[in-house]
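Please read the structure below before turning to the comments.
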Amino acid sequence: MFRFSVCRPAFRLGKFFQKSRGLVTFRKEKIGDRNWMASGRENAPLFSPASERNKAPILEVLRQNIDFSKFSGKGAEKSLTPLFFLEISGGSGQHLAHFSHGLRSECSIIWQPSDSHTDGFSSMRHYVKKSQEMVFSERGGGGDGNACDSIVLEPVVIDVTEQRWVVEPENLGYWGKSPPRCILYSEDLRGGLEERVKMGLEGNEGKLFDVVYNANMVHINAFDCSEGIFAGVGKILRKGGQFFMYGPFNVNGKYTSEGNANFDRQLRGTNPEWGIRDIETMEELALKNGLEISKRVQMPANNLMLIFIKKL
């Protein structure tokens with residue numbers, strides 16, 4: 001059973017869109033790094049220019065730092081299980097779609113998207129299905145002998161501020177239902193998802209995930225969000241699992257650029273509980289929850305990717 005009681009949303013996507021006569025009137029508003037755009041009908045997908053810019057460099061960091069050989073895939077041992085990947089605070093779904101498409105040939109992956117509210121769930125579904133259309137186009141409508149199998153589960157609500165994550169796997173992406181509700185199925189994994197989940201849980205004391213990913217969240221929420229995400233990740237990440245945290249961070253209590261200093265003033269002017277966090281504080285929270293920093297990767301636009309490893 002996988003139940004999350006783990007960020008109270010500091011904002012809701014819906015507040016950025018003005019609706020009139022069943023349409024969404026174009027409006028653009030920036031809070032933190034979330035610069036959302038929508039136009040056309042009410043169910044139009046959300047769009048984040050920042051996510052569109054940074055999705056490619058983030059994908060390369062994931063590709064270079066995850067050991068895909070430990071998981072099932074083309075040519076792998078039958079005893080190996082898929083990689084279980086959780087995205088926290090998925091927003092529009094642009095990252096989810098880009099990563100699930102870009103890593104599909106590395107190994108079999110079960111993706112679990114999430115956010116603190118349901119406002120962006122239809123947008124996540126849109127981008128994932130659009131990326132699948134790209135796969136069919138690339139294959140010319142046929143099979144791809146080099147492609148591994150992946151499943152994208154339905155998104156779930158995760159509130160990290162409650163700081164109590166209880167493992168109840170059947171609640172994640174509707175596991176335990178027949179059939180499981182998924183945005184995207186792989187034929188080779190169809191019908192075998194529950195068995196693979198069971199295999200993944202055996203010997204892991206309910207710690208389901210191999211990789212957890214979060215981007216641009218802690219600086220646009222109160223500090224209890226930072227505390228909550230590490231408390232939760234420490235409980236659900238397997239030993240040796242990785243936590244990728246992306247965003248702007250201070251180093252040794254100092255801004256890494258004038259742009260980040262200006263950005264921090266903007267954040268604190270919007271909400272005094274928001275602001276760019278210190279890397280050292282993130283590392284302290286990690287240690288309290290059985291993780292330790294393994295790498296800091298410099299990213300474009302004065303951002304960093306922090307990679308933590310679960311040790312206990």
Side-chain angles (χ1 to χ4, degrees), residues 2-19 22 24-25 27-52 55 85-100 111-129 152-166 168 170-175 181-183 209 212-233 236 245-247 267 270-271 273-274:
F2 208 130
R3 176 186 166 196
F4 285 100
S5 257
V6 269
C7 175
R8 170 192 328 115
F11 55 87
R12 293 182 67 84
L13 303 182
K15 73 178 284 187
F16 300 137
F17 309 129
Q18 295 175 332
K19 299 178 182 178
V24 178
T25 303
R27 183 179 175 195
K28 178 178 176 181
E29 181 171 343
K30 182 172 183 177
I31 292 188
D33 273 354
R34 299 235 178 173
N35 191 349
W36 302 101
M37 296 182 181
S39 62
R41 299 209 168 268
E42 189 169 345
N43 292 327
L46 303 173
F47 180 78
S48 165
S51 295
E52 197 66 21
K55 66 184 185 181
F85 189 113
L86 169 66
E87 180 182 21
I88 298 175
S89 189
S92 66
Q94 289 162 262
H95 280 181
L96 169 68
H98 189 68
F99 300 163
S100 60
W111 301 85
Q112 178 61 74
S114 73
D115 212 326
S116 58
H117 44 76
T118 61
D119 296 4
F121 283 9
S122 63
S123 184
M124 292 180 186
R125 297 182 188 105
H126 168 84
Y127 284 111
V128 170
K129 290 176 180 177
V152 180
L153 297 169
E154 279 287 333
V156 293
V157 173
I158 294 179
D159 181 350
V160 303
T161 57
E162 294 185 14
Q163 302 183 27
R164 185 175 63 88
W165 299 26
V166 181
E168 297 176 357
E170 69 267 24
N171 291 336
L172 273 184
Y174 300 92
W175 287 338
R181 290 184 58 187
C182 303
I183 302 175
F209 292 100
V212 179
Y213 166 77
N214 173 250
N216 289 329
M217 185 181 76
V218 296
H219 59 284
I220 50 175
N221 284 278
F223 187 65
D224 62 347
C225 182
S226 300
E227 295 175 311
I229 193 169
F230 278 102
V233 170
I236 67 167
M245 176 178 271
Y246 171 88
L267 291 171
T270 302
N271 186 325
E273 293 189 327
W274 297 3

Query - Min side-chain heavy-atom separation Ile158-Leu86 under 4.5 Å - result: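 Yes - at least one pair of side-chain heavy atoms lies under 4.5 Å apart.
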
**Report entry** Residues which pass ring pair (Phe, Tyr, Trp, His ring centres under 6.0 Å) with Phe85, listed by chain and number, not counting sequence neighbours
**Finding:**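 Phe85 satisfies ring pair (Phe, Tyr, Trp, His ring centres under 6.0 Å) with Trp111 only.
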
Report task. Would you please name every residue forming a side-chain hydrogen bond (donor to acceptor under 3.5 Å, both in side chains) with Glu273, sequence neighbours left out? Result ->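 Listed in chain order: nothing, the list is empty.
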
Report task. Would you please name every residue forming a side-chain hydrogen bond (donor to acceptor under 3.5 Å, both in side chains) with Tyr127, sequence neighbours left out? Result ->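 Scan of Tyr127 (side-chain hydrogen bond (donor to acceptor under 3.5 Å, both in side chains), adjacent residues dropped) gives none.
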
Between [X] and [Y], what is the shortest heavy-atom contact and its length?
| X | Y | answer |
| --- | --- | --- |
| Lys55 | Phe99 | O-CE2, 3.5 Å |
| Gly120 | Leu46 | CA-CD1, 4.0 Å |
| Ser92 | Ser123 | O-OG, 2.8 Å |
| Trp274 | Ile220 | CE2-O, 3.5 Å |

Separation of [Y] [atom2] from [X] [atom1] (nearest 0.5 Å):
| X | Y | atom1 | atom2 | result |
| --- | --- | --- | --- | --- |
| Met217 | Ile229 | CE | CD1 | 3.5 Å |
| Asn216 | Asn221 | CG | CG | 11.0 Å |
| Met124 | Lys129 | CE | NZ | 13.5 Å |
| Ile88 | Ser116 | CD1 | OG | 11.0 Å |
| Met245 | Phe230 | CE | CZ | 4.0 Å |

I'd like to know if the side chain of [X] and the backbone of [Y] have a donor-acceptor N/O pair within less than 3.5 Å.
| X | Y | value |
| --- | --- | --- |
| Ser114 | Glu87 | yes |
| Asp115 | Gly91 | yes |
| Gln94 | Ser48 | yes |

Query - Residues Val157, Phe121; criterion side chain to side chain contact (heavy atoms under 4.5 Å, CB included); working and verdict - result: CA-CA 10 Å; Val157 173; Phe121 283 9; 4.0 Å; yes

Report task. Take Arg125 and Glu154 through the side chain to side chain contact (heavy atoms under 4.5 Å, CB included) test and state the conclusion after the steps. Result -> CA-CA 8 Å; Arg125 297 182 188 105; Glu154 279 287 333; 2.9 Å; yes

